[in-house]
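When a residue number appears, it is its place in the shown sequence, counting from 1.
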Amino acid sequence: MEKDTNFWNILELANKFQDKKVCHQYLLSQRCGDQINCPHCKCTKIYNFTDGIRYKCSKCRKIFTATTGTIFEGTKIPLQKWFIAIYLCTTHKKGISSIQLGKDLGITQKAAWHLLHRIREGLVEKAPEMLEGVIEVDETYVGGKSKNKHYNKRKKGQQGRGGTEKTPVFGMLQRNGKIRTMKVPDVKRATLQPLIYKHVESGSVIMSDEWFAYKGLSRFYDHYEVNHGAYQYVDGDIYTNTLEGAWSHLKRSIIGVYHQVSRKHMDRYCAEFDFRYNTRHIDGNMRMQLMLSQCQGRLKYKDLIKKEAA
């Protein structure tokens with residue numbers, strides 16, 4: 001493999017990863033570093049095949065490649081196209097649609113849609129650290145406006161916070177740090193507060209609006225709030241404007257690129273948004289390395305389209 005596999009634009013990426021062997025060895029280096037281990041039994045005594053792609057474990061005797069146990073396992077799409085797709089998905093500020101990606105890579109829209117969801121699966125933080133310091137918390141609803149529907153298709157209670165066909169999303173943002181967003185079944189106290197306890201270090205400072213679900217957080221945090229209902233948005237250092245701005249980016253990407261996101265897949269779109277937001281200060285090369293280092297897990301098409309349990 002070439003010693004210099006850094007790239008600074010999509011043209012350099014395509015030129016550096018033309019060879020299948022180079023792609024596999026680069027992926028393996030990002031996953032394992034200098035010490036290759038078996039993905040099946042974690043043994044470190046490994047035999048190399050002469051093709052530079054396949055390996056065999058001396059303990060369990062199983063043959064594996066760099067893609068085994070990752071989002072790439074079983075794919076028929078060349079890794080070069082995968083790398084280009086990852087670059088486009090993670091560097092485009094609002095993402096890329098499956099239709100456009102299919103055209104760019106010369107694959108079908110169906111294959112591009114599956115590929116993008118597998119990439120989003122790889123962007124999910126496997127071991128998220130606790131947020132600490134000053135944390136802004138807020139909830140929002142993602143979905144179309146009822147007033148834009150035909151009159152006969154509108155339902156009562158779809159406007160504003162009570163949108164029955166919208167997807168509630170909850171977010172926590174550490175000032176000068178990371179954001180964490182997730183789909184939630186509702187925005188009640190019993191739903192939101194356990195998530196805050198799980199993701200935010202005790203003793204941190206919580207900034208929120210006046211929504212009733214945040215009442216009682218002062219038992220474990222320094223809790224401050226602004227009253228949006230009374231048109232109060234900033235009170236010194238007390239505000240949720242940073243997170244409000246993040247919501248606008250999330251919704252702009254959906255409106256401008258995806259147009260419509262189903263409730264079923266919302267968590268993966270949140271993971272994609274979180275990754276781009278949290279890596280906004282690093283270049284595409286570093287983003288690629290970070291993504292490939294955490295690309296464990298396989299998402300089969302049959303599992304992707306499987307109906308959710310009622």
Side-chain angles (χ1 to χ4, degrees), residues 93-95 123-125 128-145 158-164 166-256 261 263 266-281:
K93 193 173 183 65
K94 294 181 174 63
L123 297 178
V124 176
E125 282 190 284
E129 298 178 351
M130 295 285 283
L131 303 175
E132 58 183 3
V134 180
I135 313 297
E136 297 179 24
V137 299
D138 193 29
E139 75 293 334
T140 191
Y141 286 88
V142 176
K145 296 180 179 179
Q158 281 190 325
Q159 296 285 12
R161 304 183 73 97
T164 56
K166 296 180 182 180
T167 303
V169 177
F170 178 60
M172 295 161 281
L173 184 145
Q174 179 178 315
R175 288 186 186 170
N176 301 315
K178 290 187 173 183
I179 190 173
R180 198 160 296 155
T181 62
M182 60 205 69
K183 175 185 69 176
V184 289
D186 53 62
V187 292
K188 298 177 181 178
R189 182 183 302 180
T191 301
L192 301 189
Q193 291 202 9
L195 292 174
I196 296 174
Y197 301 147
K198 179 180 178 181
H199 293 279
V200 180
E201 195 74 50
S202 178
S204 298
V205 178
I206 298 287
M207 304 290 184
S208 75
D209 58 21
E210 76 281 9
W211 184 238
F212 78 94
Y214 304 123
K215 305 300 181 184
L217 288 175
S218 56
R219 291 176 297 171
F220 304 101
Y221 306 98
D222 292 330
H223 181 210
Y224 302 92
E225 62 181 45
V226 286
N227 192 342
H228 288 173
Y231 303 102
Q232 180 193 42
Y233 299 99
V234 179
D235 183 9
D237 291 333
I238 305 171
Y239 56 84
T240 60
N241 293 350
T242 317
L243 186 48
E244 296 280 357
W247 288 142
S248 70
H249 283 297
L250 173 63
K251 293 183 178 182
R252 284 295 121 191
S253 68
I254 294 173
I255 294 171
V261 173
R263 185 186 298 259
M266 190 66 218
D267 267 335
R268 293 192 194 92
Y269 287 95
C270 286
E272 176 189 356
F273 170 75
D274 289 354
F275 183 87
R276 277 201 300 269
Y277 187 94
N278 294 335
T279 59
R280 63 194 181 279
H281 298 307

>> Please determine whether side-chain contact (heavy atoms from CB on, under 4.5 Å) holds for the pair Asp267 and Met182, giving the CA-CA distance in whole Å, both sets of side-chain angles, and the decisive distance to 0.1 Å.
In response: CA-CA 6 Å; Asp267 267 335; Met182 60 205 69; 4.0 Å; yes
>> Nearest 0.5 Å, please: how far is CD1 in Ile135 from CE in Met130?
In response: 9.5 Å
>> So His223 and Ser208, do their side chains get closer than 4.5 Å, heavy atoms only?
In response: yes
>> Could you go through Val142 and Ile254, starting from their C-alpha distance and side-chain angles, then the distance that decides it, and tell me whether this counts as side-chain contact (heavy atoms from CB on, under 4.5 Å)?
In response: CA-CA 9 Å; Val142 176; Ile254 294 173; 3.5 Å; yes
>> Which residues pass the side-chain hydrogen bond (donor to acceptor under 3.5 Å, both in side chains) test with Ser204, not counting sequence neighbours?
In response: none
> What residues, two or more places apart in sequence or in another chain, satisfy salt bridge (charged side-chain N to carboxylate O under 4.0 Å, His left out) together with Glu125?
Replying inline: Lys178, Arg180
Show me, pair by pair, the donor-acceptor contacts under 3.5 angstrom made by side chains of residues 183-198, not counting sequence neighbours?
from: Lys183; atom 1: NZ; to: Arg263; atom 2: O; distance (Å): 3.1
from: Asp186; atom 1: OD1; to: Lys188; atom 2: N; distance (Å): 3.1
from: Asp186; atom 1: OD1; to: Thr191; atom 2: OG1; distance (Å): 2.6
from: Arg189; atom 1: NH2; to: Phe212; atom 2: O; distance (Å): 3.3
from: Gln193; atom 1: OE1; to: Tyr197; atom 2: OH; distance (Å): 2.8
from: Gln193; atom 1: NE2; to: Ala213; atom 2: O; distance (Å): 2.8
from: Gln193; atom 1: NE2; to: Lys215; atom 2: O; distance (Å): 2.6
from: Tyr197; atom 1: OH; to: Arg219; atom 2: NH2; distance (Å): 3.3

> To the nearest 0.5 Å, what is the distance between CG (Leu250) and NZ (Lys94)?
Replying inline: 11.5 Å
> Mind checking what makes salt bridge (charged side-chain N to carboxylate O under 4.0 Å, His left out) contact with Glu272, not counting sequence neighbours?
Replying inline: Arg120, Arg276
> What residue among Thr181, Thr140, Asp138 forms side chain to side chain donor-acceptor pair (under 3.5 Å) with Trp247?
Replying inline: Asp138
> Going from CG on Leu131 to CD1 on Ile206, what distance comes out if it is rounded to the nearest 0.5 angstrom?
Replying inline: 8.5 Å
> Is a side-chain donor or acceptor of Lys251 paired with a backbone partner of Tyr141 at a separation under 3.5 angstrom?
Replying inline: yes
>> Once rounded to the nearest 0.5 Å, what's the spacing between atom OH of Tyr224 and atom OG of Ser218?
In response: 10.5 Å
>> When you compare the side chain of Glu210 with that of Gln232, does any pair of heavy atoms fall below 4.5 Å?
In response: no
>> Please check if the number of heavy atoms outside Arg252 that lie under 6.0 Å from its CZ is greater than 12.
In response: no
> Nearest 0.5 Å, what's the OH-CG distance between Tyr269 and Asp274?
Replying inline: 15.0 Å
> Which atom pair, heavy atoms only, marks the closest approach of Glu225 to Asp209?
Replying inline: CB-O, 3.6 Å
> Who are the ring-ring contact (aromatic ring centres under 6.0 Å, His included) partners of His228, not counting sequence neighbours?
Replying inline: Tyr233
> At their closest point, which heavy atom of Ser202 faces which heavy atom of Phe220, and how far apart are they?
Replying inline: OG-O, 3.5 Å
> Going by the side-chain hydrogen bond (donor to acceptor under 3.5 Å, both in side chains) test, which pairs reach into residues 234-243, not counting sequence neighbours?
Replying inline: Glu136-Thr242
